Amino acid sequence: MTDLHPVIAKVTERIVQRSAASRLKYLDLIERGRDAGTNRDQLSCGNLAHGFAASGEDKAVIRTGRAMNIGIVTSYNDMLSAHQPYGRYPEQIKIAAREVGATAQVAGGVPAMCDGVTQGQAGMDLSLFSRDTIALSTAVSLSHAMFEGALLLGICDKIVPGLLIGALRFGHLPTILIPAGPMPSGLANKEKVRIRQLYAEGKVGRDELLESESASYHGAGTCTFYGTANSNQMMMEMMGLHMPGSAFVNPGTKLRSELTRAATHRIADIGWAKDGQPNDDYRPLGHCVDEKAIVNAIIGLMATGGSTNHAIHVPAIARAAGIHVDWTDFAEISDVVPLLARVYPNGSGDVNHFHAAGGMAYIIRELLENGLLHRDILTVARADLTDYGKEPVLEDEALQWRDVPASRDEAMLRPVSNPFSADGGMRLLAGNLGRCVMKVSAVDPVRWTIEAPAAVFQDQDDVLRAFKAGELERDVVVVVRFQGPKANGMPELHKLTPALGVLQDRGFKVALLTDGRMSGASGKVPAAIHLSPEALGGGPIGKLRDGDLVRVCAQTGAVDALVDAATWEARDIPPAPPPPYDTGRELFALFRHHSDLAEQGASPILAAMESEI
Ligand SMILES: O=C(O)[C@H](O)[C@@H](O)[C@H](O)[C@H](O)COP(=O)(O)O
Ligand code: SF4
């Protein structure tokens, strides 16, 4: 077994040192929460009676207060394909809880936005802030102090980060995340993108496009591209917050339901008490999510080509646990963690193919054996992260975990000894335009450096209008600004991907530069995103003008306007567009006013919380 890589050890120690004071304060919160929350002792008879009045056959057990009452926080809705399966999970969980003498109640529901439905629409301006809304809703759910454990039902982009941020403020509770799995594979993602580009060129009509999209997104379960949602599942495995290997088991299968049952049984095993006696295997969420677990999540992003959105969500999740990480930590980890998986958009296969090839079990075992992962973290499983290097199977109807000694498809999954690339492909870029990130794992290396005249926009629809008018048929850095959290909520600009892809396929050197975001499913066009500081409030991206030479370079980590210093200094920032107003966006003005930098997590609630504690 190889010793831990020195850079992983160094970055982890730097995070520990940086977080020492805030982490200590957080751990004290957990101690106080645990002492106050034991078996609902602080509740009055009136409080308690309200809490179990409608709990039916569980009423007597909840009333005695001697067994774990599990709080289920669910993000069910039946519009979101990934969350539609959750509809029947609470009843299944209640049955499983009774099997081990525990009880379960739905503590609350949280909203779950589908970025696929809102992509390119006004609703996308609420997407990032829906994460903090989910965190607040999770806190409201768990604030009833009726629970000695929590099960979180969530999968998609902002939902898992939001659930975790909220639940971490109740870090004294043992907590397990329960996924529902990916939909079976439909139309191949590459074919979906081909039809989209034909539509962008006017070569196919809306009917053909809708047919193609419907064949790709065709049923219950998470979309099969490796975007932010599936990156969430990967991170939960890397942090040991799922039952091992839960991430990519399809909905509606016996294995899926057995994993849900096992998670319910397990949560009852790791509370602070068991059968009314102190339990020496108490595993509170706030102890599981420590600096090593956060570093493991970042390592997972690099080893699998995970979503750039997590360059924003991981700092926010970490802050909720009193831990501070930055993009320099990401970049240094990326430099030493090889890319072991090629899953669309970083390859052709999807997450079902990835799982069949060996999936997370293979990735984790490979990284552990090569000293590229913290093994000694407090997971929700029985041992440490070793448990997660095995895949779940049913043998004679019983849940088992088995080794995955080798990749079953080296076109998708490779060993550390023969990676797809020596590093993780999430680069930090810095220069006179600020700091930003660029994911290169899905970008041809010949396009890692783009130097071209800027075409400057303040709205993604204006980019598409310029494309359709033939105004972008050249080497170009497309700049879209005033897309930061304070300006309009930092939407994803993924709708631009087909048009920019067409320009790139026509042979032009093309890059996107924005203070906004891209989808985790965005791929082949180099995109320098999350540029901080954002244009609103004076970020230098606001000084750019049409025709300025701009250089984005993932090789050297540069993002610069090649404009002479005197001209640059003399420039003003143009007035910001009016704030968004419709689709409920005006209700989120509070969040826009208080959001902090993307590199800190772009979180109004954490920024405000830290200003008080
Ligand atoms: O970060 C992500 O993974 C995206 O937000 C994803 O959740 C969203 O659905 C995209 O829109 C991709 O899907 P389309 O390519 O179908 O838009
Ligand atoms: S992966 Fe994206 S598009 Fe698919 S259900 Fe989740 S949020 Fe919606």
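Just so you know, ligand 1 is whichever comes first in the structure, and atom 1 is the first atom listed for that ligand. Predicted model only: the values in this text are computed from it and were never measured.
If you look at Ala229 next to ligand 2, the close heavy atoms, those under 4.0 Å, all belong to the side chain. Only the side chain of Asp157 comes within 4.0 Å of ligand 2, counting heavy atoms alone; its backbone N, CA, C and O stay farther away.
In summary, the atoms of ligand 2 found under 4.0 Å from a heavy atom of Asp115, numbered by their order in the structure, are 7 (S). When each atom of ligand 2 is checked for a heavy atom of Cys223 under 4.0 Å away, the hits are 1 (S), 3 (S), 4 (Fe), 5 (S). The Leu80 neighbourhood of ligand 2 comprises atoms 5 (S), 8 (Fe), with distances under 4.0 Å to a heavy atom of that residue.
A salt bridge does not link Lys486 with Glu534: none of the charged nitrogens is closer than 4.0 Å to a carboxylate oxygen. Using a cutoff of 4.0 Å between basic side-chain nitrogens and carboxylate oxygens, Asp132 and Lys158 are not scored as salt-bridged. Using a 4.0 Å cut-off between charged side-chain N and carboxylate O, Arg506 and Glu473 make a salt bridge. Using a 4.0 Å cut-off between charged side-chain N and carboxylate O, Asp462 and Arg465 make a salt bridge. With salt bridges taken as basic N to acidic carboxylate O contacts below 4.0 Å, none links Asp515 and Arg481.
Protein residues with a heavy atom under 4.0 Å from ligand 1 are Asp115, Gly116, Gln119, Asp157, Arg196, Tyr217, Phe225, Gly227, Thr228, Asn309, Glu492, His494, Ser519, Gly520, Ala521.
Taking atom 6 (Fe) of ligand 2 as the reference point, the nearest protein heavy-atom neighbour is Cys156 SG, 2.3 Å. Scanning all protein heavy atoms for the shortest distance to atom 5 (S) of ligand 2 gives Ser81 OG, 3.5 Å. Ranking protein heavy atoms by distance to atom 8 (Fe) of ligand 2, first place goes to Cys114 SG, 2.3 Å.
Both the sub-6.0 Å distance and the 45° axial angle are not jointly satisfied by Arg427 relative to the ring of Trp327.
Using modelled atom types, one side-chain atom of Thr264 and one backbone atom of Thr260 make a donor-acceptor pair closer than 3.5 Å.
Taking the six-membered ring wherever Trp is involved, the centroid distance between the rings of Tyr76 and Tyr86 does not fall below 6.0 Å.
In this structure, the side chains of Tyr388 and Met360 stay at 4.5 Å or more apart for every pair of heavy atoms.
Environment of CD in Glu191: crowded, with over 12 heavy atoms of neighbouring residues, nucleotides or ligands closer than 6.0 Å.
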